[in-house]
There are 2 protein chains.
Amino acid sequence: MSSSTRDIEEGLAFTPKFDADGLLTAVVTDARSGDLLMVAHMNAEAVVKTIETGEAWYYSRSRKKLWKKGESSGHVQRVIELRVDCDQDALWLKVEQLGSGACHTGRRSCFYRAAPLGQKGAVRLEFRDAEKTFDPSAVYKTS
Amino acid sequence: MSSSTRDIEEGLAFTPKFDADGLLTAVVTDARSGDLLMVAHMNAEAVVKTIETGEAWYYSRSRKKLWKKGESSGHVQRVIELRVDCDQDALWLKVEQLGSGACHTGRRSCFYRAAPLGQKGAVRLEFRDAEKTFDPSAVYKTS
């Protein structure tokens, strides 16, 4: 193992590894239920703002901008714990999700469909925990 | 909302959205504890093999090859449930982790360090659940 690999994996210096686009992956779970709420991306500024404020900031690849979760919806995420993985290219945010949900479709979690296992050919998804907890058209007002 | 966005978000056709490198993000949690074990990537072949076999296959960006989790270590992941997110560019695998851990560093989870919140400046990580559950040098034999 090279000394730099050892530092990254076993050290206590926080040296996040951003990809070619300057991003890393953020996995966001509900601190109470443990359920996966969403997967997002962070640039360096989002990481700094999240650590400094204790609220979740991300980088939107589609809108090409920094955003604070809840800035439109009010559904802010209070970060209870922030962890980094072995090679420091992914973060795990355990959050208290304020408001009714994390998903822009109006659901608590973005992961509301399952793929059946053990079969070949075309996959037909099944809804799981897919009930809507808020009305996205009322929450995300387009100006 | 365009009809294609509606199909992707509200439909039951599984149409995974791979990035420019042909990959999507796979978030892997322990089906019993709910803990995040690892974050990995899948290409189309890894997705198909995971669905068909019910065991986790990934794509290694560093080794540029398809790999079955546990092929070296024996630490196979039995997939209990496979979910897809709203825009179908991320998967959530709830797995039964066989063997002593998911992380190549010898730990159960890759997320064994936390960043303290609410502070400015350089971040010093803290170990959390960082005890090693197996000896990686004994498990990953280099040929």
Based on non-hydrogen pairs under 4.5 Å, which of [options] is most in contact with chain B?
options: A/Ile51, A/Val48, A/Thr15, A/Asp35; value: A/Ile51
options: A/Ala122, A/Gly11, A/Gly121; value: A/Gly11
options: A/Val123, A/Asp89, A/Thr105; value: A/Val123
options: A/Thr29, A/Thr53, A/Asp87, A/Asp129; value: A/Asp129
options: A/Lys94, A/Met38, A/Lys120; value: A/Lys120
options: A/Ala130, A/Ala90, A/Gly54; value: A/Ala90

Atom [atom1] in [X], atom [atom2] in [Y]: separation rounded to 0.5 Å?
X: B/Glu55; Y: B/Lys49; atom1: CD; atom2: NZ; result: 11.0 Å
X: B/Arg83; Y: A/Leu125; atom1: CZ; atom2: CG; result: 11.5 Å
X: A/Leu37; Y: B/Asp85; atom1: CG; atom2: CG; result: 12.0 Å
X: B/His41; Y: B/Asp21; atom1: NE2; atom2: CG; result: 9.0 Å

Tell me whether the guanidinium CZ or amine NZ of A/Arg107 lies under 6.0 angstrom from the six-membered ring centre of A/Tyr112 and within 45° of its axis.
yes
Would you say A/Arg113's side chain and B/Cys86's backbone share a donor-acceptor pair under 3.5 angstrom?
yes
Full working for salt bridge (Lys or Arg N to Asp or Glu O under 4.0 Å) between B/Arg128 and B/Glu126:
CA-CA 6 Å; B/Arg128 299 273 168 86; B/Glu126 300 167 356; 2.6 Å; yes
Which residues from residues 66-81 of chain B are near chain A, with near meaning under 4.5 Å between non-hydrogen atoms?
B/Val79, B/Ile80, B/Glu81
Chain B contact via A/Lys132 - side chain, backbone, both or neither, heavy atoms under 4.5 Å
side chain
With a 4.5 angstrom heavy-atom cut-off, is it the side chain or the backbone of A/Thr25 that approaches chain B, or both, or neither?
side chain
Relative to chain A, which of B/Ser109, B/Ser33, B/Gly118 shows the most heavy atom pairs under 4.5 Å?
B/Gly118
Determine the option with the most heavy-atom pairs under 4.5 angstrom with chain A, choosing from B/Phe111, B/Phe14, B/Phe127.
B/Phe111
Report yes if some heavy atom in the side chain of A/Phe18 is under 4.5 Å from a heavy atom in the side chain of A/Pro16; otherwise report no.
yes
Measuring only between side-chain heavy atoms, which start at C-beta, is A/Met42 closer than 4.5 Å to A/Tyr59?
no
Give the C-alpha distance, both sets of side-chain angles, the deciding distance and a yes or no for side chain to side chain contact (heavy atoms under 4.5 Å, CB included) between B/Trp92 and A/Val39.
CA-CA 10 Å; B/Trp92 175 16; A/Val39 174; over 6 Å; no
Residue part contacting chain A, namely of B/Thr50, when any heavy atom lies under 4.5 Å
backbone
Report, as yes or no, whether the 6.0 Å neighbourhood of atom NZ on A/Lys65 holds more than 12 heavy atoms from other residues, nucleotides or ligands.
yes
